[in-house]
Structure formats: C-alpha cells, structure tokens
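Heavy-atom basis, side chains included; hydrogens, waters and symmetry copies ignored.
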Amino acid sequence: MSDATDPWLIVGLGNPGPDYAANRHNVGFMVADLLATRIGGRFKRAQKAQAQVVEGRIGPPGPASRRVVLVKPMSYMNLSGGPVTALRDFYKVPTDHVVAVHDELDVDYGSLRLKLGGGDNGHNGLKSMTKAMGPEYHRVRFGIGRPPGRMQVADFVLKDFSSTERKELAFLVDRSADAVECLLAEGLERAQSAYNS
C-alpha cells in the first residue's frame, strides 16, 4: 500500500516528434511540459526506459510537497506501457501513484474527468499501460469530444486542435496541470469535486 512519502509518476501520453506535437492525441505531452515548467525542470532522456523524464517536487515546500517524476514515453502511444512500467519499477512507485494524462473522446472538449482505475475506452495508450501493470492507476481525462460527421477516430485524434479549440487550449492545459497538482496534494475526491466538469 502506498503512503505519503512514495513518489508519483505523472505520465503525459502522446507520440514523439514534431509531426505529432500539436495533435489532439498529444495533449498529455502538453500538460507534462507545463508541469515541467512549473517545477523548473527540463525533460531528459531516461536511463532505464524509452522515455523522457523530469524529477522534482510539486506543492508548497514542507510536508505537503510531493516527489514527482514526469514522464513522456517516446515509444509511440500504443507501446506506452513498456516505458511506464520500467520507470514505475525503477523509481519504486506504487501503481496507485501513477497518473496518466490523456485525451478522451467521450468527454466534451473543455471538460475534465479524474478517476482511479477503469477501462481503456479504446485508447491505445491506456490499453498498453493496463496490459503492462493492471488498471489501478489514476487518469486525468482531457475531453476532446467525438469526431465530426463520418471522420474516423484515428484521423481525428491525429489532427491538430481546430482554430476555435486553440483559443481555449492554453487555459485548458493549465487547468489540467492544476488538477494534477490538486490530486497529489489533496486526493482524488477533492480533485474530482474541484475539476470534474
């Protein structure tokens, strides 16, 4: 069972490389990048896994501060579980201290949902993580909504946010980073009541 001194692994899900950087599927990377900026860290290649990591602390100085490892898997979305599990084991992080930040089709754009455990809802990053370590990790689900018309899901998630969506995107990424910090500092129930919309 985890306790307050255990580190947290915050995993932003996405695909590596500039071609994918602004895609809907890469919103997890965007949130991880903002959290890295907030803690004054820069992503570096992990020694133990195909990923980039930043180590630091989130929260006010003192006992409320949480040790974190921010992770961006560099394996492509559908193979995220391998690097995440390797880093979870290396840093000795309990599975319930792993947080996946990811895009979510079944949540409207502009809304967030936080939860512990559950299915993967067809999300290849979650599918890979769950296969590698079971479902009992936290999720910060960033709503992207459903594709318009007959657009295929795969095409939709690998497209950049629309110009209308981009007007709010920085605010929503900021809010998602706040939600991660609240989850670590105050627990899931408080974070859900503050950020689930």
Side-chain angles (χ1 to χ4, degrees), residues 2 8-15 20 22-36 38 58-59 66 68 70-73 77-78 80-81 84 88 93-148 151 153-154 156-162 164-197:
S2 56
W8 287 78
L9 204 66
I10 313 298
V11 181
L13 289 175
N15 286 308
Y20 299 100
N23 288 179
R24 292 183 178 93
H25 224 19
N26 270 44
V27 75
F29 275 18
M30 296 173 199
V31 175
D33 284 337
L34 178 57
L35 286 166
R38 287 185 181 185
I58 282 179
R66 300 284 180 259
V68 296
L70 304 174
V71 180
K72 295 195 299 187
M77 184 69 85
N78 59 351
S80 301
V84 173
R88 180 202 63 174
V93 177
T95 301
D96 67 351
H97 273 215
V98 175
V99 181
V101 184
H102 64 92
D103 57 302
E104 178 59 63
L105 289 159
D106 284 340
V107 175
D108 291 339
Y109 183 71
S111 294
L112 275 182
R113 297 273 196 291
L114 285 81
K115 68 179 204 171
L116 174 64
D120 56 57
N121 206 17
H123 191 290
N124 287 331
L126 297 181
K127 197 177 290 183
S128 179
M129 283 179 61
T130 297
K131 186 176 176 192
M133 63 184 187
E136 288 306 305
Y137 54 90
H138 287 87
R139 298 103 193 274
V140 174
R141 303 157 72 206
F142 185 109
I144 61 168
R146 282 273 169 198
M151 185 187 285
V153 164
F156 179 68
V157 299
L158 292 175
K159 278 203 171 3
D160 291 358
F161 286 98
S162 71
T164 307
E165 289 169 334
R166 281 198 297 272
K167 288 176 183 157
E168 280 190 285
L169 185 59
F171 166 77
L172 297 171
V173 168
D174 195 62
R175 191 166 181 272
S176 303
D178 290 347
V180 171
E181 292 186 356
C182 182
L183 170 64
L184 271 55
E186 301 184 45
L188 180 61
E189 282 185 27
R190 291 290 293 274
Q192 285 174 324
S193 64
Y195 291 96
N196 277 15
S197 51

[X] vs [Y] side-chain heavy atoms within contact, under 4.5 Å:
X: Val107; Y: Leu112; value: no
X: Leu13; Y: Leu126; value: yes
X: Asp96; Y: Glu136; value: no
X: Asn15; Y: Asn26; value: yes
X: Val101; Y: Val11; value: no

(message) Checking Tyr137 against Thr130: is there a side-chain donor and acceptor pair closer than 3.5 Å?
(response)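 Judged by distance alone, the side chains do pair up.
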When rounded to the nearest 0.5 angstrom, what distance separates [atom1] in [X] from [atom2] in [Y]?
X: Asn124; Y: Met129; atom1: CG; atom2: CE; value: 13.5 Å
X: Leu169; Y: Asp174; atom1: CG; atom2: CG; value: 11.0 Å
X: Tyr109; Y: Phe161; atom1: OH; atom2: CZ; value: 5.5 Å
X: Trp8; Y: His138; atom1: CH2; atom2: NE2; value: 5.0 Å
X: Ile58; Y: Arg66; atom1: CD1; atom2: CZ; value: 10.5 Å
X: Cys182; Y: Leu188; atom1: SG; atom2: CG; value: 9.5 Å

(request) Take atom NZ of Lys131 as the centre, draw a 6.0 Å sphere, and report whether it contains more than 12 heavy atoms from other residues, nucleotides or ligands. (result)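 Not buried by this count: 12 neighbours or fewer within 6.0 Å.
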(message) Taking CZ in Arg166 as the centre, count heavy atoms belonging to other residues, nucleotides or ligands within less than 6.0 Å. Is the count above 12?
(response)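 Enclosed.
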(request) Just do the side-chain contact (heavy atoms from CB on, under 4.5 Å) check on Leu183 and Tyr195 with the steps written out, would you? (result) CA-CA 10 Å; Leu183 170 64; Tyr195 291 96; over 6 Å; no
What are the two closest heavy atoms between [X] and [Y], and how far apart are they?
X: Ser176; Y: Phe142; answer: OG-CD1, 3.2 Å
X: Met77; Y: Ser128; answer: O-CB, 4.4 Å
X: Leu114; Y: Ala191; answer: CD2-CB, 3.7 Å
X: Leu9; Y: Val84; answer: CD2-O, 3.8 Å
X: Gly118; Y: Arg139; answer: O-NH2, 3.2 Å
X: Leu184; Y: Ile10; answer: CD1-CD1, 3.9 Å

(request) Pick out which of Arg146, His123, Arg24 makes a side-chain contact (heavy atoms from CB on, under 4.5 Å) with Leu105. (result) Arg146
(message) Checking Val31 against Val140 for the side-chain contact (heavy atoms from CB on, under 4.5 Å) test, could you report, in this order, the C-alpha distance in whole Å, the side-chain angles of both residues, the deciding distance, and whether it holds?
(response) CA-CA 10 Å; Val31 175; Val140 174; over 6 Å; no
(request) Starting from the C-alpha separation in whole Å, work towards a yes-or-no answer on salt bridge (Lys or Arg N to Asp or Glu O under 4.0 Å) for Arg141 and Asp106. (result) CA-CA 9 Å; Arg141 303 157 72 206; Asp106 284 340; over 6 Å; no
(request) List the steps and the verdict of salt bridge (Lys or Arg N to Asp or Glu O under 4.0 Å) for Glu181 and Arg38. (result) CA-CA 11 Å; Glu181 292 186 356; Arg38 287 185 181 185; 3.2 Å; yes
(request) Report the C-alpha separation of Ser80 and His102 in whole Å, then their side-chain angles, then the decisive distance to 0.1 Å, and conclude whether the side-chain contact (heavy atoms from CB on, under 4.5 Å) test is met. (result) CA-CA 12 Å; Ser80 301; His102 64 92; over 6 Å; no
